[in-house]
Number of protein chains: 2
Amino acid sequence: MDTLSATLSALADPTRRGLLAQLALGEATVGDLAEPYEMSLAAVSKHLKVLEHAGLVTRGRTAQYRPCRLDAKPMKEALDYLSSYRRFWEENFSRLDALLEEMKADTENPGKDRT
Amino acid sequence: MDTLSATLSALADPTRRGLLAQLALGEATVGDLAEPYEMSLAAVSKHLKVLEHAGLVTRGRTAQYRPCRLDAKPMKEALDYLSSYRRFWEENFSRLDALLEEMKADTENPGKDRT
DNA sequence: TCTATATTAAACCAATTAGTTATCAACTAT
DNA sequence: ATAGTTGATAACTAATTGGTTTAATATAGA
């Protein structure tokens, strides 16, 4: 699977987003991370493996703990992808909207330059 | 399913991202959209239903055609979500990296101020 | 060495997904 | 009316996902 698909599908799950939110507060063990959830530890462990595979989580090894930490770099690629569509929701960049804006500006401030 | 999960999972598929890319060039029919793909029309139709369900595609109705158009608004929410993690990949905001940058700057340009 | 703790792995299950083919529905045009 | 086009739906299959429970592994500490 390509990295963008891996990143987006890893993020497309509320549990996994929750795990990342916890990790945004700092390194944590699997047990720490699992504590807020009702599901089994093994289930959380699997979610972490998905995040790890997507490169969003890396893990260390101290004693019997395998501390997880956030690695947000893959998110950058995802954000860049979404950014490429920005003009489609920032309606003032659309053809029609630009035209309407122009007409509106002409009506309200005749002769004024576009910003 | 929450809208963020729906958006991200809809986007986590290269075929669906391809469909959106085509729609970024303008409205298109299902047949138009399916043409570049090897899969059946029915499969593309299903992908479009996923995109529609996520609010990324809306469709009209003219004659026997059901023209699709892009609606990127749900992407904004996804982008806002990713943006909230920006500080984690803009490494100059991390504690360790700030320190390393400072040390490096001191080594290479002793006495010089940080930019 | 024995036991407790932390985590993963294995085997299993139900639900979902991504695809297929075949059929149905809506509309056009002859 | 009938045939052709466009697209959706249905029924099916194989693979994946998200969860479970139970066992295995790794380490710490008595």
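In what follows, chains carry the letters A, B, and so on, assigned in the order in which the sequence lines appear, proteins first and then strands, with residues in each chain numbered from 1. Nothing here was measured: the structure is a model prediction, and the numbers come from that model. Hydrogens, waters and symmetry mates are skipped; everything else that's a heavy atom, side chains included, is used.
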May I have the distance from B/Y65 (atom OH) to C/dA29 (atom C1'), rounded to whole angstrom? 11 Å
B/Q64 has an atom CD; how far is it from atom C1' of D/dT6, in whole Å? 5 Å
Would you kindly give the CE-to-P distance between B/M39 and D/dT13, to the nearest whole Å? 21 Å
Nearest heavy atom decides the nucleotide; on that basis, is A/A43 or A/R61 closer to the 5' end of DNA chain D? A/A43
If I take atom CZ in residue B/R59 and atom C1' in nucleotide C/dA26, what distance separates them, rounded to the nearest angstrom? 14 Å
Which comes earlier along DNA chain C counting from the 5' end, the contact point of A/E52 or that of A/K46, where each point is its nearest nucleotide? A/E52
A/D71 bridged to A/R59 by N-O distance under 4.0 Å: no
How is B/T29 classified with respect to the nucleic acid when contacts are heavy atoms under 4.0 Å: base, sugar-phosphate, or nothing? sugar-phosphate
Rounded off to whole Å, could you give me the CD-to-P distance for the A/E35 and C/dT5 pair? 16 Å
Take atom CG of A/L48 and atom P of D/dG18, then tell me their distance rounded to the nearest Å. 13 Å
Measure the distance from CG on B/L41 to P on D/dT9 and round it to the nearest whole Å. 13 Å
Hey, does the side chain of A/R16 come within less than 4.0 Å of D/dG18's phosphate (OP1/OP2), counting only N and O? yes
Could you walk me through whether A/K76 and A/D80 pass the salt bridge (Lys or Arg N to Asp or Glu O under 4.0 Å) test, one step at a time? CA-CA 6 Å; A/K76 179 174 164 37; A/D80 289 345; 3.3 Å; yes
Roughly how many Å is it from NE2 in A/H47 to P in C/dT7, rounded to a whole number? 16 Å
